[in-house]
Amino acid sequence: MKISAPTGSVLAGNQHNINIIKKNARAIDLGDTINKIAIQVTSTNDIAKIKHTHKGFVADNLQTVYDRLIILIIGEKKDYRESSIGNGTIFELSVDDDVWGLAELLTKIGNLGISKLEVCLIPTPVC
């Protein structure tokens with residue numbers, strides 16, 4: 001299944017449901033191999049979940065496929081002490097920039113121009 005999500009270049013266009021490709025995929029739910037962005041969607045906003053996702057991402061060597069991992073929390077993002085995870089390792093995750101709660105997602109959508117929002121109105125065929 002292809003998902004078009006108009007939140008700028010970060011989520012625009014080529015997201016595929018990884019769970020359809022690989023049952024119960026670890027670390028990511030959506031992947032865009034063209035823009036090299038992976039997304040984990042979760043309702044858990046604890047730093048332990050973020051670290052667990054980062055660990056799984058690296059363990060599965062997904063940093064060779066994706067340059068960026070975004071963790072989308074269905075709820076409120078906490079004020080974390082860490083600004084990044086994996087400092088100086090194979091893959092660094094910016095907690096400040098790449099962990100989003102619903103408020104951050106809505107802000108990103110609100111900052112889009114009308115032409116990018118209109119893309120939502122165009123049905124996307126299921127792949």
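Treat the numbers as computed from the prediction; the structure is a model and nothing was measured.
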J.: Could you check whether any side-chain N or O of Thr42 sits under 3.5 Å from a backbone N or O of Thr44, counting only pairs where one atom can act as donor and the other as acceptor?
T.: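 Yes, because the side chain of Thr42 sits within donor-acceptor range (under 3.5 Å) of the backbone of Thr44.
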J.: What's the spacing between Ile73 CD1 and Ser43 OG if we round to 0.5 Å?
T.: 9.5 Å
J.: Looking at every non-hydrogen atom in both residues, tell me the closest pair between Ala27 and Gly56 and how far apart they are.
T.: CB-C, 3.6 Å
J.: Considering residues at least two apart in sequence or located in another chain, which fulfil the salt bridge (Lys or Arg N to Asp or Glu O under 4.0 Å) criterion with Lys36?
T.: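 For Lys36 there are no salt bridge (Lys or Arg N to Asp or Glu O under 4.0 Å) partners, ignoring immediate neighbours.
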J.: Considering the options Leu62, Ile39, Val41, which one meets the side-chain contact (heavy atoms from CB on, under 4.5 Å) requirement together with Ile28?
T.: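 That would be Leu62.
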J.: Roughly how far, to the nearest 0.5 Å, is the CD1 atom of Ile47 from the NZ atom of Lys78?
T.: 9.0 Å
J.: Going hydrophobic residue to hydrophobic residue with side-chain gaps under 4.5 angstrom, can you get from Leu106 over to Ile71?
T.: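 They do not share one cluster, since no chain of ILVMFWY contacts under 4.5 Å joins Leu106 to Ile71.
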J.: Looking only at non-hydrogen atoms, find the nearest pair between Tyr80 and Val95 and report the distance.
T.: CD1-CG1, 3.5 Å
J.: Test of understanding: clusters of I, L, V, M, F, W, Y form through side-chain heavy atoms closer than 4.5 Å, transitively. Do Tyr66 and Ile34 belong to the same one?
T.: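 The answer is no; the residues belong to distinct hydrophobic clusters.
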J.: Keeping to residues at least two apart or across chains, list the salt bridge (charged side-chain N to carboxylate O under 4.0 Å, His left out) pairs with something in residues 86-100.
T.: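 Sorted result for residues 86-100: Arg68-Asp98.
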J.: To the nearest 0.5 Å, tell me how far Ile70 CD1 sits from Gln40 CD.
T.: 12.0 Å
J.: As an exercise, state the distance from CG of Leu105 to CD1 of Ile74, rounded to the nearest 0.5 Å.
T.: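 If we round to the nearest 0.5 Å, Leu105:CG and Ile74:CD1 are 7.5 Å apart.
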J.: What pairs of residues pass the side chain to side chain donor-acceptor pair (under 3.5 Å) test when at least one of them lies in residues 47-59, not counting sequence neighbours?
T.: Lys51-Glu82
